[in-house]
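Here's the structure we're looking at; comments come further down.
None of these values were measured; they are calculated from a predicted model.
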Amino acid sequence: MKELEKVYEPARVETPTYDFWTKGGWFKAERDPDKASYTIVMPPPNITGQLHMGHAMDNTWQDILIRFKRMQGYSALWVPGTDHAAIATEARIVATMKEEGVTKEDLGREDFLKRAWQWKDEYGGRIVEQLKKLGSSCDWSRERFTMDEGCSKAVLHVFKKLYDEGLIYRGERIINWCPHCLTSISDAEVEHEEQSGHLWHVKYPIVGEPGKFVTVATTRPETMLGDVAVAVHPEDARYKHLVGKTVLLPLMDREIPVVADDYVDMEFGTGVVKITPAHDPNDFEVGRRHDLPVLKVMTDDAHISESGGKYAGMERYAARKAVVADLEAGEYLDKIEDHGHNVGTCYRCGTTIEPMVSLQWFVKMIPLAGPAIEAVKDGTIKFVPERFTKTYLHWMENTRDWTISRQLWWGHRIPAWYCDSCGEVTVSEGTPTVCAHCGSGVIHQDEDTLDTWFSSALWPFSTLGWPEETEDLAYFYPTNTLVTGYDIIGFWVSRMIFSGLHYTGKAPFDTVLIHGLVRDAEGRKMSKSLGNGIDPLDVISEYGADALRFTLVSGSTPGNDMRFSDEKARSSRNFANKLWNAARFVMMNLPEDFTPGQPEKSALELSDKWVLSVYNKLVGEVTDNIEHFEFGLAVQKIYDFLWDVYCDWTIEIAKTRLNGEDAVGADTARKVLVFLLDGALKLLHPFMPFITEEIYRALPGSAETIMIQAWPKQDAALDFAAEQEAFGEVVNLIRAVRIVRAEMNVHPAKRSHLIIETARPELFKAGEAVIQRLANAEAVELVPAFAGDAAGMVQVATAVARGFIPMMDLIDREKELARLNKELAATEKEIASHSAKLANEGFVSKAPANVVQDIRDKLARAQEKQLRVRESIDALG
RNA sequence: GGAAGCUUAGCUCAGCUGGUAGAGCACCUGCUUGACGUGCAGGGGGUCAGGGAUUCGAGUUCCUUAGCUUCCACCA
């Protein structure tokens, strides 16, 4: 028999176990026509990334589902991969180049991309290796990358398709421009931040009416350089007469018209708005409606352009200062108010976004959003927890056209070619050599690349071979569960949904399981700048991957954030160690020739039937919990079963039997122990894969790996409801005896005689050995009615028995009396509560029969107990 | 300006379809009991944020108030 070490050492076990799984090929999913498929695609981590707690959580949950389904007999596929992370990666590479004094432009596009690929080859695999440390049972043979050949092909195919359908267009629109990253970003990539600013009230002289002004309010005075009009509300009596007139733009000496537009809010500021179409999305719309020119006064790096007159070349905030100073000097400034407002910032670098008119590519969202909304509304796709449906729908219903072009090099280059002769655009999945419109050979490709989310939107099917009609796609698509955090519902989940529906005609998954954020022990978000991040790899090396995984699911519930603390990790580690030692005990007590198997029913003792019954119930509950994504509950129940039921009772009970003379009894005890351990290991395996595998393989008669063993099923042959209840009475008595012994400070080694007075001797007869051991009794005597001198006895009472312990010499009579009175009071309180309920007409007539009966039973038991406690008090007095 | 979540034992959190509150950690008392002191036995500790409604019965459903957190939002 394999001797296990005293303390479980995850570091010794985990890596070899993972290698063993890989070699065994059990992660690889086969297209087995006799099995149902179950598929998860991993949210691809950025190649720039290092594993953090968010990944650990996300992937633990996915692995739980995959391992569970695999054991249930599904062909379970978990597709791993990484994301090229356009902006993040490019910024990273540019930063390292900067240290060498090299810019992107110095290097040129081709060499830059070479360098980026080198970078990817060097670091892209890092996070993948870290995922393996977690125990992730991904099918690595199917690992993908958003820029690999297949995924790139899918991207080009989609671009072409949408372009042909008129759903991708190129145009001048206001976009969010990041002056630091020097690229456009989508609305989703803008983060809003409350900032305190000012509202400057600026007087614009009315042309032809000397000395008269209209006052506009603005938070960004420097943009006035690009003003082409001022607007008022058409119904605004204050300004109606001005519509159609012109005003003089201060500092620029430009005459601009006054227009009327519904967009203006009469209540806000002065009710007059300056219109800067090139630098404000609303103004852009107003400008379009009134056919106003678009005057761009800002450069890509946020300086004033040559259209900005004397301010040209100034940085945007310096320009603001200068403009305000000049307004003041020219007496154009009416007043300055403090004003809090939201400023858009770049989600990558935090730089304040500059809304700017720019020629970009867009995806028309309205036609795509419709079916995506429908699929969630009609239940084709459901969110867990359900409340995130609202987040999703709100996003989808309010979405605007998606800016997909990025002024970056690292990414999928836009497959559009411009003709130098006719100016037309040729969009192609291949590499065209001539213009599709005029046949000219002088064409050049668009310089821009696509938003990184454009390729991740295709992830659930591009990874399975789409647009080819592969066997994988046919078998594993649509996928089943998508596991992710609530922070990327808009970025990613929504885009996968409309993409899946539009391109494949199918919803890409049926369930979106949302988990919360992992925060630090103080509840703060883990962040690099705070330096409060806990590295999952540190936790793994200190406590083991199983402990980390266990910590990440216990006490958690979908959608809610959780705090990660060292104490929690330690207690998980302790649990692993507890399990290890339980297994160690079991194996130490198995003879060489032990043959495992379901024990003979006829040989089962009361306690066996009790624990088998408890286990049987556990199997049903855990299965149900996992199926409903209630991992926290599932894990809690397994924990309780193993620690409390298995270790503290079953093993303790087994100790006497294992060393007793009854060979059949000992064998039965062993069989029960092994049977339950085997079952519990399987239930725990999805959560703690390493230790369960290690123990499983050490068990006699076990198969090659636990990974693909059948998930335990509930079995009527294990259901002993009556015995389960009966053994409960034995437990009650043992607990009662333990309580008095503890309260009386009786040393555990001091064993005592125990007389049990009961009308149900068969019950305690069956549990006699158990009582003897666990209640520290040297001998147990069963009597129908106690006839001795109760005054010299410590007494305990349960609903069906009284226990007498002759150890009055050890205790204090007063103290004992006080204890019994306290117990009596508690019992009477219970009786009062139950009686009140039963006296309530409404309760008895309206509550379900089983509930009423339950209360009746409880009342009866309490009354029985009350009787016995009273007798004990009388005997003492 | 919308929307959501949270408020349960000292701390961190569970609690599914309503039936007299649970865990882990911390704390207190015993214990080198034949796997485990990363352990064993026992214990104290909660008007389930406040108010109202529905119900025979509410931590659990509905309304409302307060505090905290988050997401979304083009009002200059």
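- Closest-nucleotide positions on RNA chain B for A/Asn560 and A/Glu743 were compared, and the one nearer the 5' end corresponds to A/Asn560.
- Here the side chains of A/Phe629 and A/Thr511 are in contact, with some heavy-atom distance below 4.5 Å.
- Looking at A/Leu579 and A/Tyr646, their side chains never come closer than 4.5 Å, going by heavy atoms from C-beta outward.
- Comparing the same atom, P, in B/U8 and in B/C13 gives a spacing of 10 Å after rounding to whole Å.
- Using N1 to N3 plus N6-O4 or O6-N4 for Watson-Crick, or N1-O2 and O6-N3 for G-U wobble, each under 3.5 Å, B/G39 pairs with B/C31.
- B/U54 and B/C72: their C1' atoms are spaced 34 Å apart (whole Å).
- Within the 4.0 Å cut-off from OP1 or OP2 of B/A14, not a single side-chain nitrogen or oxygen of A/Ser554 is found.
- Contacts of A/Asn745 with the nucleic acid, taken as non-hydrogen atoms under 4.0 Å apart, involve only primed sugar atoms and P, OP1 or OP2.
- Between A/Tyr543 and A/Thr551, the closest side-chain pair of non-hydrogen atoms is not below 4.5 Å.
- Separating the C1' atom of B/C63 from that of B/G19 is a span of 24 Å, rounded to the nearest Å.
- Within the nucleic acid shown, A/Pro848 comes within 4.0 Å of at least one base atom, counting heavy atoms only.
- Taking a pair to require two hydrogen-bonding distances under 3.5 Å in either a Watson-Crick or a G-U wobble arrangement, B/U12 pairs with B/A23.
- Residue A/Arg220 forms a side chain to side chain donor-acceptor pair (under 3.5 Å) with just one option from A/Glu354, A/His279, A/His198, and that option is A/Glu354.
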Show me, pair by pair, the donor-acceptor contacts under 3.5 angstrom made by side chains of residues 262-273 of chain A, not counting sequence neighbours?
unit_1, atom_1, unit_2, atom_2, d
A/Asp265, OD1, A/Glu267, N, 2.9
A/Thr270, OG1, A/Thr215, O, 2.4
A/Thr270, OG1, A/Val272, N, 3.3

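- B/U55 is unpaired under the criterion used here, namely a Watson-Crick or G-U wobble arrangement in which both key atom distances are under 3.5 Å.
- When the C1' atom is used for both B/G50 and B/C68, the distance is 16 Å, rounded to whole Å.
- B/G39 and B/C25 are spaced 7 Å apart, taking the P atom of each and rounding to whole Å.
- Taking the C1' atoms as reference points, B/C36 lies 41 Å from B/G18, given to the whole Å.
- With no hydrogens or angles considered, no side-chain donor-acceptor pair links A/Glu621 and A/Asn625 at under 3.5 Å.
- The phosphate of B/C71 (OP1 or OP2) has a side-chain N or O of A/Lys525 nearer than 4.0 angstrom.
- For A/Arg563, a side-chain nitrogen or oxygen approaches OP1 or OP2 of B/C13 to under 4.0 Å.
- In this structure, B/C68 and B/G5 make a Watson-Crick or G-U wobble pair, each of the two defining distances being under 3.5 angstrom.
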Original post:
In B/S/- notation, 5' to 3', how is nucleotides 31-41 of chain B contacted by protein heavy atoms closer than 4.0 Å?
Top reply: SS-BBB-BSSS
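- Across B/C27 and B/A9, the matching C1' atoms stand 12 Å from one another, rounded to whole Å.
- The residue A/Val264 sits close to a base: some heavy atom pair falls under 4.0 Å.
- Residue contacts for A/Glu267: at a heavy-atom cut-off of 4.0 Å it reaches no nucleic acid atom on any strand shown.
- Side-chain nitrogen and oxygen atoms of A/Lys568 include none within less than 4.0 Å of the OP1 or OP2 phosphate oxygen of B/G24.
- Residue-level contact check: A/Phe388 touches neither bases nor backbone, having no heavy atom under 4.0 Å from any strand.
- Ranked by how close their nearest RNA chain B nucleotide is to the 5' end, A/Trp395 and A/Met562 are led by A/Met562.
- A salt bridge does not link A/Lys865 to A/Glu830: none of the charged side-chain nitrogens sits closer than 4.0 Å to a carboxylate oxygen.
- B/G52 and B/G46 have their P atoms separated by 23 Å, given to the nearest Å.
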